[in-house]
Amino acid sequence: MRGILASSIGVTCAAALALPFAPPAAASASSASSAGAPAPVADVATRTAGTADARADVPGSTRSLPLRPLTRDRASGAVLGLTPRTVRPFSLLGVVWDDPSADLHGRVQVRTRAAGSGEWTDWQDVETHYTQHGADPDSSEAATGKVRGATAPLWVGESDGVEVRVLPQAGDPEDADPVDTGPDEGASGGEGAGEGGEVSTLPTGMRLDLVDPGEAEPGESAEGAEEPRTGVMTAAAQAASAANSALVPLGATHIPSLTAEETRKELVTLRGTELTEQQQAKPYIGPRPSIVTRRGWGADESLREKSFVYTSKVKAAFVHHTASGNNYSCSQAPSLIRGFYRYHTKSLGWRDIGYNFLVDKCGRIYEGRAGGVAKPVKGAHTMGFNSKTTGIAVIGSYGSKKPSSKAVKAVARLTAWKLGLHGMNPKKKTSLTSGGGNLYAKGTKVKMKVISGHRDGFNTSCPGGKLYKKLSSVRSKAAEYQGR
């Protein structure tokens, strides 16, 4: 699998590379084998594994392993990490730390062992700048005390072995070598990472979260189905499904596409008297695309906050990439989304998955944050600009790899419909007020393109250079879908 090579300031994306330093396969296998049972989990680092994980009827799990000081290897410069070990099966991972405002000035690299073949991967870089996808500063979601800093999640497929190394930013003192204190001693990063060997540039409380996204319901597929599932639904699942009741029956796994004429009629039903006379006479809106619902991709509704939070309208769409790697099949996309959802809620402490919508490389569109796909649900996708916007994430890493034409077309179709619900022209600009970030101070009024990339609102490499270059064609195509 190829990952993302993250810079220390999160401004550029590049292809992941396998570094020459790696223990011999035999040695790694031996180390993993000698580990025997999974390594113990520190109590302080298990906040991600809540009571829901203990219930047998809830799919999926999250496991935290504190990172330990390593004797610095001169070839790689690693100072913190995990030696090769056997763990319970997982498919997605990320490194988490205590302070959501703390930046990780360095690189995180992992290699994993495939559960089927027993083969170890090459070293892969994990995108270290990720929490700028989160809730706006001073918002209720950011002020819960549960939010944490983290890398982007990396999809590795079903694995049962892992090794991690953290390399501080180039220029750190060469003599700052944490001592190897053994498996049960020492801090997990930051000050005190080893007596006489502090790693001052690394956040405190660093740990590796291993996510098992759980299995889908029997017969579930990324294609979804227009007929609703008739199985027992929890109250939370009913609420999430009912939020789309104006579009599909309760329990629907799939919201079908509509023709242009059907969509215009639906717009009048949904918005009614809110529409201007011009919108009623000639509504510019793209045909509603097919969307897989949360029930369709298998969301465990017990993980999220119960209530839904809305913004007043949708004036702009921010496009992202998940920075989770491209080594996935489209049939695995629901599993990836369940992994992102669990990572966002259990590891990062967000109220729900951050994105409003997700798009896989086959062009399938998925409902993200709960509250209704036709409603202005407030997400946690572009720090500072979550109000009056929607967030769309293309699953994958697009710093050096071009997104598929199907994915780009799906983003255009989705924005043409979603922005059309609110009378927004995809080729125009709109005025947004910053909620605070590293590009625009809180309260700053900013002229933003109605379809923007994450980097337009925050100093980040997201959505990757290759995807960002496609946004011009997305705007043109979306406007065409709207009949402009």
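For this chain, numbers begin at 1 and follow the sequence in order.
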- Are Phe318 and Phe385 close enough, and set up right, to give a side-chain contact (heavy atoms from CB on, under 4.5 Å), and what steps lead you there? CA-CA 9 Å; Phe318 282 98; Phe385 292 99; 3.7 Å; yes
- Item | Derivation and outcome, side chain to side chain donor-acceptor pair (under 3.5 Å), residues Glu367 and Asn244 | CA-CA 10 Å; Glu367 178 184 13; Asn244 291 314; 3.3 Å; yes
- Note on the structure: Scanning both residues in full, the closest heavy-atom pair of Ala236 with Glu301 reads CB-CB, 3.6 Å
- Item | Carboxylate-amine/guanidinium proximity below 4.0 Å for Arg85 and Asp160 | no
- Can you find a side-chain donor-acceptor pair between Arg351 and Ser140 that sits under 3.5 Å? no
- Task: List the steps, then state whether side-chain contact (heavy atoms from CB on, under 4.5 Å) holds for Asp360 with Ile337.
- Result: CA-CA 10 Å; Asp360 69 23; Ile337 297 171; over 6 Å; no
- If you measure only the distance, is there a donor-acceptor pair under 3.5 Å linking the side chains of Thr86 and Arg113? yes
- Task: State, yes or no, whether a side-chain contact exists between Arg455 and Pro463 at a heavy-atom distance under 4.5 Å.
- Result: yes
- Value rounded to 0.5 Å, distance of OG1 in Thr345 from CZ in Phe340: 13.0 Å
- Item | Donor on one side chain, acceptor on other, His105 and Thr128, under 3.5 Å | no
- Task: Please tell me if the side chains of Val156 and Thr121 come closer than 4.5 Å, counting only heavy atoms from C-beta onward.
- Result: no
- For Leu93 and Val211, what are the C-alpha separation, side-chain angles and deciding distance, and is it a side-chain contact (heavy atoms from CB on, under 4.5 Å)? CA-CA 6 Å; Leu93 60 80; Val211 178; over 6 Å; no
- Distance-only polar pair, side chains of Asp456 and Tyr468, donor-acceptor under 3.5 Å: yes
- For the student: nearest non-hydrogen atoms of Trp120 and Glu163, plus distance: CZ3-N, 4.0 Å
- State, to 0.1 Å, how close Ile395 and Thr322 come at their nearest heavy-atom pair, and which atoms those are. CA-OG1, 3.5 Å
- Task: Any chance you could measure Arg165, atom CZ, to Thr83, atom OG1, to the nearest 0.5 Å?
- Result: 13.5 Å
- Item | Distance-minimising heavy-atom pair for Asp212 and Pro89 | CB-O, 3.9 Å
- Please report the C-alpha distance between Ser290 and His254 in whole Å, then the side-chain angles of each, then the deciding distance to 0.1 Å, and finally whether the side chain to side chain donor-acceptor pair (under 3.5 Å) criterion is met. CA-CA 7 Å; Ser290 170; His254 178 255; 2.4 Å; yes
- Message: With rounding to the nearest 0.5 angstrom, report the CG to CD1 distance, Leu414 to Ile291.
- Response: 6.0 Å
- Task: Indicate whether the side chain of Arg304 and that of Tyr341 have a donor and an acceptor atom separated by less than 3.5 Å.
- Result: no
- Salt bridge between Arg294 and Asp352, side-chain N to carboxylate O under 4.0 Å? yes
- Message: Let me confirm one number: the NE2-CD1 distance from His454 to Ile392, rounded to the nearest 0.5 Å.
- Response: 14.0 Å
- Note on the structure: One should read off an interatomic distance between His321 NE2 and Cys462 SG, to the nearest 0.5 angstrom, of 4.5 Å
- Query: So, Ser347 versus Asp209: side-chain donor-acceptor pair below 3.5 Å or not?
  - Reply: yes
- Query: Within a strict 4.5 Å, meaning less than it, do heavy atoms of the Val126 and Val95 side chains meet?
  - Reply: no
- Between Tyr343 and Thr151, what is the shortest heavy-atom contact and its length? OH-O, 2.8 Å
- Query: Closest heavy-atom contact between His381 and Thr389?
  - Reply: CE1-OG1, 3.2 Å
- Salt bridge or not for Arg107 and Asp125, using N-O below 4.0 Å? yes
- Say whether, by atom type as modelled, one donor and one acceptor occur between the side chain of Arg369 and the main chain of Val377 under 3.5 angstrom. no
- Between Ser241 and the options Thr253, Leu250, Val248, Thr293, the side chain to side chain contact (heavy atoms under 4.5 Å, CB included) test singles out Leu250
- Separation between CG of Leu92 and CG of Leu210, rounded to the nearest 0.5 Å: 9.5 Å
- Query: Considering only heavy atoms from C-beta outward, does the side chain of Val79 approach that of Pro168 to under 4.5 Å?
  - Reply: yes
- Query: Among side-chain atoms of Glu141 and Asn386, is any donor-acceptor pair under 3.5 angstrom?
  - Reply: no
- Return the set of residues passing ring pair (Phe, Tyr, Trp, His ring centres under 6.0 Å) with Tyr130 (not counting sequence neighbours), or none when no residue passes. His133, His344
- So do Leu154 and Thr112 actually touch side chain to side chain, heavy atoms under 4.5 Å? no
- Message: Applying side-chain contact (heavy atoms from CB on, under 4.5 Å) to Val147 and Leu348, what does each step give before you reach the verdict?
- Response: CA-CA 5 Å; Val147 180; Leu348 277 68; 5.8 Å; no
I'd like a table of donor-acceptor pairs (distance under 3.5 Å, sequence neighbours excluded) in which one partner is a side-chain atom from residues 403-412, with atom names and distances.
| residue | atom | partner | partner atom | Å |
| --- | --- | --- | --- | --- |
| Ser404 | OG | Lys361 | O | 2.6 |
| Ser404 | OG | Ala407 | N | 3.0 |

